[in-house]
**Student:** 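Before I ask anything, here is the structure I am working with.
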Amino acid sequence: MTDFGAAFAAAVSLIATLDAGLVEIVGLSLRVSLSAVFIATMISLPLGAAVALFRFPGRGAVVVVLNALMGLPPVVVGLIVYLMLSRAGPFGVLGLLFTPTAMIVAQVILITPIIASLARQVIEDLWEEYSEQLRSLGAGPRQAVGALLWDGRFSLFTAVLAGFGRASAEVGAVMIVGGNIDHVTRVMTTAIALEVSKGDLALALGLGIILIVLSVGITGAAFVLRESARRAHGA
Amino acid sequence: MAREMSGAPAILPLAVEGLTYTAGEARLIDDLTFRLEPGPRTVIVGPNGAGKSLLLRLCHGLLTPTAGTIRWSGGAGPDASRRQAMVFQRPVMLRRSAAANVEFALSLRHIPRDQRKQRVAAALAKTGLADVAGRPARVLSFGEQQRLALARAWALEPQVLWLDEPTASLDPAATRAVEAIIDAIHAGGTKIVMTTHDLGQARRLGDEIVLLHKGRIVERAPTADFFERPQSPLSRAFIQGELLW
């Protein structure tokens, strides 16, 4: 118990003094996860909108697959990306394994289905409400998608936050494709796993506190955003 | 007609021939042939399920008929839909301000940006919504929302305005406001075609009445003739409030 207390005090001091090692790890974590969220959002919003609006053969299968992929186990994604990027794999020549880029790739694969599924649901509900009116006003498909993305912006932002939450909290995928190399690919979750196994609880706890603050902050921001949108726009 | 201002070729009269719409076995719109001339306000009445809403949606182009043709005058082709507007029973409000709702419609019709502001302001003023221009549309009262839907349609200066039971969910005061706006839009030269459940409203707003029953036109007559001297026994029963099933 005293060990725990000491570790906690050390953790708080690491955060308070902006310990260089800690800042580096948090910085890389944010860089990797924010890049992954940005890329995944660019892919999933158009994808979600297309699946929501257009009727094409195999659409039902796409919806089922997207929903199923929301629960992809991170270690499996890590394994697949590892196989793709390893020397013998199809993208081995790129030499990306054990780099932050590989971690971004893995997280994009992990969270694109999450954002796309949630976005599809949001856009499909809006489209049901707007469809006749937009067609009556003469909106073409591109204008309709633009209007739906804009009017669904608050709910869509929540979907993007859900993706960020998943990306920043997972450990399996980045561990496998990043390798947890100090100063290169060490992020919060992999560092915590390592420090705990080494018995250095202070850094692990410090990073853990930051992760929790981050996730509570994201959930809180999502809640505040939705509530204020509902009050202001009746959305 | 006030259409000379806009310079657009007239899309009326509308010639509908053999219009049919089926869902499974049911012939919801059954081989209708009629013309809509510019001018008189046409009010379509009939019991639930007569096909009133369906008929408006088919004519407006929101639904594709199973059979038959809908031909606008002057070979306007796909352009004809740009000279029409429709107001629905439940107003569809975009999640934006009242003014932005109107402006969005104008932008879809490629109205130049510098003209939009003035047209938005004019439409909101004419519908008594100038005070709520900046408020989010979806927090307006139901009556205000329906007036905003009319303002949005009016700003487009349509040649034909389809109205699908525009006052069905409104209280009497809001209904009167909506009827006054419809009258004003008609006075500006727009052809009004509306459906209603309310025979009193049909008398007040209609220049001619069309009674639709089971997807067929039972009777079409000037308003006074329809109510005073109905030709069909079905019309007489309907006017006396007996349900037609």
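Note on naming: letters A, B, ... go to the chains in the order of the sequence lines (proteins, then strands), and numbering restarts at 1 for each one. Any value given below was found using the heavy atoms of this structure, including those in side chains, with hydrogens, waters and symmetry copies removed.
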**Student:** Judged by modelled atom types alone, do B:Q201 and B:E179 share a side-chain donor-acceptor pair under 3.5 Å?
**Tutor:** yes
**Student:** Should B:R83 and B:V160 be marked as a side-chain contact (heavy atoms from CB on, under 4.5 Å) after you check the CA-CA gap, both sets of side-chain angles, and the distance that decides it?
**Tutor:** CA-CA 7 Å; B:R83 314 227 167 84; B:V160 181; over 6 Å; no
**Student:** With chain B, which of A:R135, A:Q143, A:E132 has the greatest number of heavy-atom pairs at distances under 4.5 Å?
**Tutor:** A:E132
**Student:** Side chain from CB out, backbone as N, CA, C, O: work out which of these in B:R57 comes under 4.5 Å of a heavy atom of chain A, or both, or neither.
**Tutor:** side chain
**Student:** With no hydrogens and no angle check, do the side chains of B:T42 and B:K191 hold a donor and an acceptor under 3.5 Å apart?
**Tutor:** yes
**Student:** Can you tell me which portion of B:R152 sits under 4.5 Å from chain A's heavy atoms? Options are side chain, backbone, both or neither.
**Tutor:** side chain
**Student:** With a 6.0 Å cut-off (strictly less than), is the heavy-atom count around CZ of B:F104, excluding the residue itself, greater than 12?
**Tutor:** yes
**Student:** Quick check for you: among B:L156, B:L62, B:L63, B:V87, which has the greatest number of heavy-atom pairs under 4.5 Å with chain A?
**Tutor:** B:L62
